[in-house]
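First the structure, in the form of structure tokens, and then the observations on it.
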There are 2 protein chains.
Amino acid sequence: MTDVAALAGVSAQTVSRVARDEPTVRHETASRVRAAMAQLGYTPNRAARALRYGHYGTVGMIAHRLARTGESRTVEAVVEAAQAEGYTVTLVDIASPAPHDVSAAVARLSHQDIDGLIIVRAESATPDTLALPPHLPVVVSDSRFVGHHPAVAADQAGGARAAVGHLLELGHRTVHHLAGPQDSTPARQREEAWRAALAEAGAAVVPAVRGDWSAASGYDAGTVLAADPEVTAVFAANDQMAAGLVRALHEAGRAVPGDVSVVGFDGIELSAQLWPPLTTVEQDFGEIGRRLVDLLLRQVRDGENLADTHAVVPVRLVERESTAPPPAG
Amino acid sequence: MTDVAALAGVSAQTVSRVARDEPTVRHETASRVRAAMAQLGYTPNRAARALRYGHYGTVGMIAHRLARTGESRTVEAVVEAAQAEGYTVTLVDIASPAPHDVSAAVARLSHQDIDGLIIVRAESATPDTLALPPHLPVVVSDSRFVGHHPAVAADQAGGARAAVGHLLELGHRTVHHLAGPQDSTPARQREEAWRAALAEAGAAVVPAVRGDWSAASGYDAGTVLAADPEVTAVFAANDQMAAGLVRALHEAGRAVPGDVSVVGFDGIELSAQLWPPLTTVEQDFGEIGRRLVDLLLRQVRDGENLADTHAVVPVRLVERESTAPPPAG
DNA sequence: CGGGGCACTGTTAACGCAAACATCGCGGGC
DNA sequence: GCCCGCGATGTTTGCGTTAACAGTGCCCCG
């Protein structure tokens with residue numbers, strides 16, 4: 001900056017004014033300064049600016065396994081929403097959802113230049129183990145943190161009930177469940193809602209089969225389910241596992257949806273192009289991302305206390321061709 | 001910091017020393033300072049630190065459509081690799097791959113606190129339209145920038161040749177191509193290599209059908225391909241489109257691989273669980289991410305000039321059940 | 001023709017931190 | 001017993017920027 005000032009024959013302050021497009025600089029002077037900036041390749045140092053201003057224009061985001069469907073789509077939505085508000089996003093991927101790793105990530109990020117923090121699926125962390133720096137605005141995409149931090153979550157239970165209800169209405173006597181891993185909150189919520197929906201409808205509550213979200217685990221579970229002639233309808237906790245399940249059913253010679261109906265969860269792009277196209281509970285990740293950013297920035301900018309806020313984002317059952325009435329007899 | 005110093009009864013410098021774990025502080029003093037830090041909820045201000053040190057410990061990353069397979073997996077790998085080196089990643093999603101939007105993203109990011117920049121698939125941008133700030137280390141995941149910026153790219157051509165070669169070896173007389181969008185470099189590279197491989201093998205060079213990477217576009221293209229009895233083998237430019245294509249084939253009553261063989265590209269998780277499991281060209285996104293970070297940090301830390309570096313990451317043909325010899329006759 | 005105001009530009013200080021240097025007190029060597 | 005050296009801590013200074021205030025020259029008004 002000093003060099004630019006010298007080259008343009010003005011003071012550093014004037015360079016600063018030009019850099020910030022202050023109107024109180026004569027046109028001629030401004031162009032001279034701009035020329036000097038271009039010649040020297042000058043860019044304002046953001047660290048110094050941030051130091052002066054006291055904020056960074058950046059939000060931190062912590063997630064586990066960024067490349068997964070929900071995560072990557074949430075990341076995309078958060079990045080877009082943050083950009084629209086003039087903020088950039090700094091990302092940290094945690095090694096595991098264990099409290100220790102989450103805390104380490106929080107520590108790492110809170111040492112970065114961030115104005116606020118978004119935690120996606122803190123899974124096994126609890127409010128107490130989070131060890132957040134005081135005064136740092138936070139939003140969590142996990143409803144267990146209500147009362148501690150503002151939270152945004154999809155209507156997991158509603159989605160599960162919709163899936164079960166749909167299958168029951170088609171005439172299935174009960175609905176099996178291909179559940180997600182036990183350390184995942186959404187997985188548990190879907191599983192509990194499935195069980196509750198069955199009980200309320202007076203249908204037989206059968207044991208759940210468990211996968212780990214991966215398509216391969218869905219296939220493995222599918223080989224078991226396919227061998228059981230009692231199984232006529234399965235609600236899978238995500239679309240990946242549903243795809244693996246469908247493959248296992250095909251291999252076992254059980255027609256989908258002729259012999260077995262399948263419902264997924266998430267609404268990944270591929271769900272519509274599977275064979276058969278998958279009936280699924282579609283989540284609005286874009287909305288989740290936008291709500292996360294909104295709740296965070298309201299704290300950052302206006303200092304609102306939103307600890308009790310709990311935004312529930314609705315889900316939608318999309319009926320495609322993987323569900324039908326059970327086989328006669 | 002001043003408050004902490006006052007509370008602990010030491011100077012600010014000693015607080016600084018404790019914050020950085022300098023060993024020249026007496027244990028007793030250090031604990032007193034730490035207690036004060038905890039009580040006051042003190043966290044070192046990174047902007048001030050960055051100002052002092054002259055670097056940020058952050059790299060910027062620009063990508064288009066973060067939630068797509070290649071992008072999200074590259075992002076994950078980059079984030080992990082950067083974290084391992086003590087850097088965090090700031091993400092910007094561009095609205096479109098048009099030069100104007102890329103430049104805008106560059107401008108936005110270069111005003112952030114970053115030590116270097118990773119540009120993923122600059123697609124339609126060219127070295128000249130990039131308008132990068134001088135002295136900012138950059139790495140691009142696109143081989144067209146060789147000579148201008150260090151680049152990392154998967155072996156698109158090699159992958160396409162492997163796919164075509166595999167199908168030809170099975171006995172197919174020619175291989176059709178379900179291409180990606182024309183404004184995508186990888187799509188063009190795959191398409192050109194497909195055509196070249198066909199020509200070299202003396203096979204008939206048929207026109208390519210074009211999609212936009214989406215599974216739905218693959219389905220649309222698939223309805224056309226399925227109607228043509230001449231088609232016995234299709235190389236799809238990505239797995240999503242391959243999935244849509246396979247569905248269209250199923251619907252048209254053409255068996256996969258009995259009547260038509262299909263090869264995809266990318267190696268998404270679901271490819272192994274489609275029906276039938278998809279033969280595909282697997283990319284090593286993890287390696288791409290690691291190489292990007294490596295090349296960037298070598299510039300950042302050691303000031304190396306890597307402009308001519310062009311890392312080609314090998315791909316691997318994974319043979320599964322969607323390919324077989326053509327139907328007899 | 002002198003003073004007030006305005007447009008423009010310069011000077012000073014502070015943001016929070018850490019390197020460099022200064023100081024202090026103590027134990028040991030002579 | 002005096003001074004050196006070392007460990008532990010304090011003081012000064014500057015990183016690049018910008019807010020606040022301080023000029024400086026010019027035009028216009030009375």
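Numbered from 1 within each chain, the chains take letters A, B, ... in sequence-line order.
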Discussion item. Is there a side chain to side chain donor-acceptor pair (under 3.5 Å) between Ser16(B) and Arg20(B)? Walk through the geometry before answering.
Written reply: CA-CA 6 Å; Ser16(B) 166; Arg20(B) 281 169 299 126; 2.8 Å; yes

Item to complete: Sequence neighbours left out, what passes side chain to side chain contact (heavy atoms under 4.5 Å, CB included) with Arg26(A)? Give chain and number order.
Response: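 Side chain to side chain contact (heavy atoms under 4.5 Å, CB included) check on Arg26(A) returns Glu28(A), Thr29(A).
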
Suppose we screen for side chain to side chain donor-acceptor pair (under 3.5 Å). Which residues come up paired with [X], at least two apart in sequence or across chains?
| X | value |
| --- | --- |
| Thr90(A) | Thr90(B) |
| Arg73(B) | none |
| Arg301(B) | Glu85(B) |

Fill in: Test log, rule salt bridge (Lys or Arg N to Asp or Glu O under 4.0 Å), inputs Arg68(A) and Asp93(A)
CA-CA 12 Å; Arg68(A) 274 198 311 216; Asp93(A) 191 5; over 6 Å; no

Worksheet item: Where along nucleotides 12-22 of chain C does protein come under 4.0 Å, by heavy atom, of base (B) or sugar-phosphate alone (S), with - for untouched nucleotides?
Response: --BBBBBBB--

Side chains of residues 56-63 of chain A: which donor-acceptor pairs under 3.5 Å do they make with residues two or more places apart or in other chains?
unit_1, atom_1, unit_2, atom_2, d
Thr58(A), OG1, Thr88(A), OG1, 3.2
Thr58(A), OG1, Gln112(B), OE1, 3.3

Worksheet entry | From CA spacing to verdict: side chain to side chain contact (heavy atoms under 4.5 Å, CB included), Ile288(B), Gln283(B) | CA-CA 9 Å; Ile288(B) 292 175; Gln283(B) 297 201 61; 4.1 Å; yes

Discussion item. Angle between the end axes of the helix from dC1(C)-dG30(D) to dC30(C)-dG1(D), five pairs per end, to the nearest 10 degrees?
Written reply: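 Comparing the axis at each end, I get an angle of 60°.
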
Item to complete: Would you grab the first and last nucleotide of DNA chain D (5' to 3') that comes under 4.0 Å of any non-hydrogen atom in chain A?
Response: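 Contacts span dG16(D) to dA20(D), reading 5' to 3'.
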
Practice prompt. Let me see the working for Arg290(A) and Asp294(A) under side chain to side chain contact (heavy atoms under 4.5 Å, CB included), right down to the final yes or no.
Written response: CA-CA 6 Å; Arg290(A) 284 188 292 277; Asp294(A) 175 59; over 6 Å; no

Discussion item. By the 4.0 Å heavy-atom rule, please label Thr24(A) as base, sugar-phosphate, or nothing.
Written reply: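 Contact class for Thr24(A): base.
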
Which atoms of nucleotides 26-28 of chain C (N or O only) lie under 3.5 Å from a protein N or O atom, and what are those distances?
none

Worksheet item: Side chains of Ile118(B) and Val89(B): does their closest heavy-atom pair fall under 4.5 Å?
Response: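 No, side chains not in contact.
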
Practice prompt. Please report the closest heavy-atom contact between Ala47(A) and Leu51(B), naming both atoms and the distance.
Written response: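 Distance-wise, the nearest heavy atoms are CB-N, 3.8 Å.
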
Discussion item. Listing request: all side chain to side chain donor-acceptor pair (under 3.5 Å) pairs with a residue in residues 302-314 of chain A, at least two apart in sequence or in separate chains.
Written reply: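 Passing the test, one end in residues 302-314 of chain A: Arg298(A)-Glu304(A).
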
Discussion item. Checking Val139(A) against His149(A) for the side chain to side chain contact (heavy atoms under 4.5 Å, CB included) test, could you report, in this order, the C-alpha distance in whole Å, the side-chain angles of both residues, the deciding distance, and whether it holds?
Written reply: CA-CA 6 Å; Val139(A) 179; His149(A) 304 292; over 6 Å; no

Worksheet item: Should we say atom CD of Gln182(A) is surrounded by more than 12 heavy atoms from elsewhere, each under 6.0 Å from it?
Response: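 For Gln182(A), atom CD is not crowded (no more than 12 foreign heavy atoms under 6.0 Å).
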
Discussion item. Near DNA chain D, counting only heavy atoms under 4.0 Å, which residues of residues 25-35 of chain B show up?
Written reply: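 Per residue number, the list reads Val25(B), Arg26(B), Thr29(B).
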
Worksheet item: For residues 50-67 of chain B, which residue pairs qualify under salt bridge (charged side-chain N to carboxylate O under 4.0 Å, His left out), counting only residues two or more places apart or in two chains?
Response: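 Of all non-adjacent pairs touching residues 50-67 of chain B, those that pass salt bridge (charged side-chain N to carboxylate O under 4.0 Å, His left out) are Glu76(A)-Arg65(B).
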
